[in-house]
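Just so you know, ligand 1 is whichever comes first in the structure, and atom 1 is the first atom listed for that ligand. Just so we're clear, the structure is a prediction, and the values are computed from it rather than from any experiment.
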Amino acid sequence: MQKITAAITAVGGYVPEYRLTNAILETMVDTNDEWIRSRTGVEERRILKGEGLGSSDMGAEAVKELLAKRGMDASEIECVICATVTPDMIFPATANLICDKTGMTNAFSYDLSAACSGFLFALTTGAAYIESGRYKKVIVVGVDKMSAIIDYTDRATCIIFGDGGGAVLLEPSEDGNGVLDSIMKSDGSGAKHLHLKAGGSVKPATIETVTAREHFVYQEGQAVFKFAVKGMADVSYELMQRNNLTADDIAWLVPHQANLRIIDATANRMDLPKEKVMINIQKYGNTTAGTLPLCLWEWEKQLKKGDNIILASFGGGFTWGATWIKWAYDTN
Ligand code: UT7
């Protein structure tokens, strides 16, 4: 009997309307379009505006699109995992709120926190539920409203991040398509280089933490950059090696969109030409857990059944990883 794999059978995505361009950022902090483009590749990012809106609202939109595309009723979904570091609230889980907003009344749901690698870690987790035979319809969401935790007076971070996310549906496949292999890594010693200081159990919110701007992302850019270049490239290369995949075998690299220079380094290490690399950092910036599903969403129509796709990420934690999937459907 053919092994059961977890195939992605539908993709949904959502980005907010408002475009925060480099030109607008020039009026907010001491920066310029040329610096941002050449150092990061970002030209604009989307920002979720509006009172009372959070990550769950974007996640719910992505899920609604996905269900409509697949022609599936929300009540059929059995499990929802939402990767996010910007939950609507510390609890309940954003995944629960997404279920409530979309009518996924029969699903159990929870959040997974692994920063920029959140979507990959959640995809692996969701795939394991399918491979075990325990569930047949699992949704994995990757979404972040980074504008909620970015300091728009800090030019080193506010130029990179944006809001948005996407969702994929996982279903069992017996034709050898789907999630085929993953390498996932974490290293908590990297926390000192990238974290959010206050609002957790160690340093609950006080007037002092707010005044000290400790509820915003703290990032030592250069240190993170060095680890990211090595981490993402190494793990992607290792995944290729252990599965005897050459650059010719790979149709697409789907890299986390943190910095164009990190993406280029990973593609070079894998010997992949730029035409095989999904890049939309110029439009959306770094949406943390949202980058990978947003790429799949944008490129969905170009993907063909049987395409070998490598997804790769690096982010806060540190967390990093790479996943090999064989695409399971043709869109047209
Ligand atoms: O997704 C989560 C994981 N995160 C990442 O992967 C991010 C990794 N890091 C990066 O992408 C880059 O380190 C940054 C984009 C954050 C910064 O780029 P960089 O090339 O590493 O710049 P830098 O921090 O080394 O700063 C170089 C110079 C400094 O000036 P001096 O000291 O050389 O005079 C900065 O003050 O650029 C200055 N600078 C800026 N100038 C104009 C820093 N930010 C800006 C800015 N505009 N926005």
Side-chain angles (χ1 to χ4, degrees), residues 20-45 83-86 113-121 142-165 185-196 216-236 254-267 269 278-282 284-295 311-322:
L20 178 59
T21 61
N22 289 351
I24 299 172
L25 279 173
E26 283 179 5
T27 69
M28 296 164 63
V29 288
D30 180 15
T31 190
N32 60 79
D33 177 54
E34 206 284 314
W35 191 98
I36 303 173
R37 277 176 200 253
S38 60
R39 297 289 183 118
T40 71
V42 187
E43 293 169 21
E44 59 182 37
R45 33 338 259 131
T84 188
V85 286
T86 51
S113 175
C116 301
S117 303
F119 179 77
L120 266 198
F121 286 18
V143 66
D144 270 299
K145 182 185 169 187
M146 293 306 291
S147 62
I149 56 168
I150 290 299
D151 182 352
Y152 287 93
T153 65
D154 174 13
R155 68 176 183 172
T157 50
C158 73
I159 50 131
I160 312 172
F161 293 97
D163 302 342
K185 307 256 186 189
S186 300
D187 178 2
S189 70
K192 56 183 174 292
H193 301 298
L194 180 53
H195 58 261
L196 202 148
F216 296 123
V217 169
Y218 170 86
Q219 175 171 266
E220 293 163 6
Q222 271 188 18
V224 178
F225 186 90
K226 280 184 201 143
F227 281 104
V229 165
K230 184 165 165 28
M232 210 158 99
D234 279 358
V235 84
S236 304
V254 192
H256 173 53
Q257 314 280 310
N259 188 314
L260 194 53
R261 291 181 288 146
I262 300 172
I263 296 173
D264 287 344
T266 304
R269 181 80 188 282
M278 295 188 193
I279 297 172
N280 58 13
I281 191 171
Q282 72 282 4
Y284 307 136
N286 181 351
T287 55
T288 302
T291 61
L292 298 182
L294 275 178
C295 281
L311 301 108
S313 68
F314 186 93
F318 292 137
T319 55
W320 67 107

Next on the checklist: Could you tell me, atom by atom, which parts of ligand 1 come under 4.0 Å of a heavy atom of Gln222?
Outcome noted: 13 (O), 21 (O), 23 (P), 25 (O)
Next on the checklist: Show the atoms of ligand 1 that are less than 4.0 angstrom away from any heavy atom in Cys116.
Outcome noted: 1 (O), 2 (C)
Checklist entry - Side chain, backbone, both or neither: which part of Thr40 comes within less than 4.0 Å of ligand 1 when only heavy atoms are counted? => result side chain
Item to check | Under 4.0 Å to a heavy atom of Asn286 - the qualifying atoms of ligand 1, by number | outcome: 1 (O), 2 (C)
Checklist entry - Got an N/O contact under 3.5 Å between His256 and ligand 1? => result yes
Next on the checklist: Does the protein place a non-hydrogen atom closer than 4.0 angstrom to atom 32 (O) of ligand 1?
Outcome noted: no
Checklist outcome for this item: Here the atoms of ligand 1 under 4.0 Å from any heavy atom belonging to Thr31 are 42 (C), 46 (C), 47 (N), 48 (N)
Checklist entry - Do other residues, nucleotides or ligands put more than 12 heavy atoms under 6.0 Å from Tyr152 OH? => result yes
Checklist entry - So, Asn32 versus Arg37: side-chain donor-acceptor pair below 3.5 Å or not? => result no
Checklist entry - Taking heavy atoms and a distance under 4.0 Å, where does Phe225 meet ligand 1: side chain, backbone, both or neither? => result both
Listed pairs under 3.5 Å, donor-acceptor, residues 255-263 side chains, sequence neighbours left out:
from: His256; atom 1: ND1; to: Thr291; atom 2: OG1; distance (Å): 2.8
from: His256; atom 1: NE2; to: Asn286; atom 2: OD1; distance (Å): 3.4
from: Gln257; atom 1: OE1; to: Asn280; atom 2: N; distance (Å): 3.0
from: Gln257; atom 1: OE1; to: Ile281; atom 2: N; distance (Å): 3.1
from: Gln257; atom 1: NE2; to: Pro255; atom 2: O; distance (Å): 2.7
from: Gln257; atom 1: NE2; to: Met278; atom 2: O; distance (Å): 3.0
from: Asn259; atom 1: OD1; to: Arg261; atom 2: N; distance (Å): 2.9
from: Asn259; atom 1: ND2; to: Arg39; atom 2: O; distance (Å): 2.9
from: Arg261; atom 1: NE; to: Arg39; atom 2: O; distance (Å): 3.1
from: Arg261; atom 1: NH2; to: Arg39; atom 2: O; distance (Å): 3.1

Item to check | Flag: protein heavy atom within less than 4.0 Å of atom 16 (C) of ligand 1 | outcome: yes
Next on the checklist: Tell me whether atom 13 (O) of ligand 1 lies less than 4.0 Å from at least one protein heavy-atom position.
Outcome noted: yes
Item to check | Within reach of ligand 1, part of Ile262 (heavy-atom separation under 4.0 Å) | outcome: side chain
Checklist entry - For Ser147, which residues count as a side-chain hydrogen bond (donor to acceptor under 3.5 Å, both in side chains) partner, sequence neighbours excluded? => result Asp163
Item to check | Proximal ligand 1 atoms for Ile160, defined as those under 4.0 Å from one of its heavy atoms | outcome: 16 (C)
Checklist entry - Does ligand 1 have any atom sitting under 4.0 Å from a heavy atom of Ala156? => result yes
Checklist entry - For ligand 1, which part of Thr288 has a heavy atom less than 4.0 Å away: the side chain, the backbone, both, or neither? => result neither
Checklist entry - Do you see a protein non-hydrogen atom under 4.0 Å from atom 29 (C) of ligand 1? => result no
